[in-house]
Amino acid sequence: PVSIGIEKSFFNSQFFLRAGMMTDLTEKKIFGGEANTLYGLGAGFSMKRFVVDVAIGIDNSGSIKNVAISGFFIIK
């Protein structure tokens with residue numbers, strides 16, 4: 001498998017958006033409708049030491065394959 005993504009932060013790194021994709025190079029097709037590709041979208045925000053993140057994974061047919069919600073507290 002190979003994956004690539006990009007993330008952009010806003011408001012002094014308090015809010016961030018990300019997008020990416022993952023595919024398998026051993027498959028016959030790595031792009032297009034017949035490929036085994038997963039697209040990911042995510043967003044998150046940070047309030048001082050507390051971070052919340054939400055992400056979804058979508059396949060080629062547009063079906064949601066996974067959803068993730070996380071939150072954590074940063075201890076310094």
Side-chain angles (χ1 to χ4, degrees):
V2 65
S3 60
I4 187 168
I6 188 167
E7 180 176 280
K8 174 67 177 159
S9 63
F10 301 93
F11 308 115
N12 202 21
S13 297
Q14 296 296 308
F15 180 74
F16 45 93
L17 296 173
R18 114 184 119 267
M21 66 173 282
M22 181 178 70
T23 190
D24 191 348
L25 294 178
T26 62
E27 298 283 334
K28 289 183 179 184
K29 299 205 177 194
I30 59 172
F31 294 109
E34 296 177 19
N36 186 18
T37 305
L38 183 70
Y39 302 97
L41 300 170
F45 65 91
S46 173
M47 295 182 305
K48 296 195 181 198
R49 292 185 173 184
F50 189 69
V51 179
V52 174
D53 190 70
V54 178
I56 63 170
I58 303 169
D59 67 4
N60 277 342
S61 67
S63 300
I64 295 175
K65 289 297 183 179
N66 52 41
V67 176
I69 302 171
S70 65
F72 54 93
F73 185 76
I74 300 172
I75 299 173
K76 293 185 179 183

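Owing to the predicted nature of the structure, the values given are computational and were not obtained by experimental measurement.
- Of all the heavy atoms in V54 and R18, the pair that sits closest is O-NH2, 4.0 Å.
- Remark: N66 engages L38 in a side chain to side chain contact (heavy atoms under 4.5 Å, CB included) (not counting sequence neighbours).
- Note on F11: it does not cluster hydrophobically with F16, by side-chain heavy-atom contacts below 4.5 Å among ILVMFWY residues.
- From M47, atom CE reaches atom CZ of F45 across 5.0 Å, with rounding to the nearest 0.5 Å.
- Linking ILVMFWY side-chain heavy atoms closer than 4.5 Å, directly or via other members, places L17 and V52 in a single hydrophobic cluster.
- Rounding to the nearest 0.5 angstrom, the gap separating the CD1 atom in I56 from the CD1 atom in I64 is 5.0 Å.
- When all heavy atoms are compared, the tightest approach of S46 to S13 is CB-O, 4.1 Å.
- The side chain to side chain contact (heavy atoms under 4.5 Å, CB included) test applied to S63 returns D59, S61, not counting sequence neighbours.
- Atom-to-atom distance recorded for R49:CZ and I75:CD1 is 8.5 Å, nearest 0.5 angstrom.
- In I6, the CD1 atom is not crowded: 12 or fewer heavy atoms of neighbouring residues, nucleotides or ligands sit closer than 6.0 Å.
- The two residues D53 and A43 have their closest heavy-atom pair at OD1-O, 3.3 Å.
- Counting heavy atoms of neighbouring residues, nucleotides and ligands inside a 6.0 Å radius, atom CZ of F73 exceeds 12 of them.
- At most 12 heavy atoms of other shown residues, nucleotides or ligands fall within 6.0 angstrom of atom CD1 in I4.
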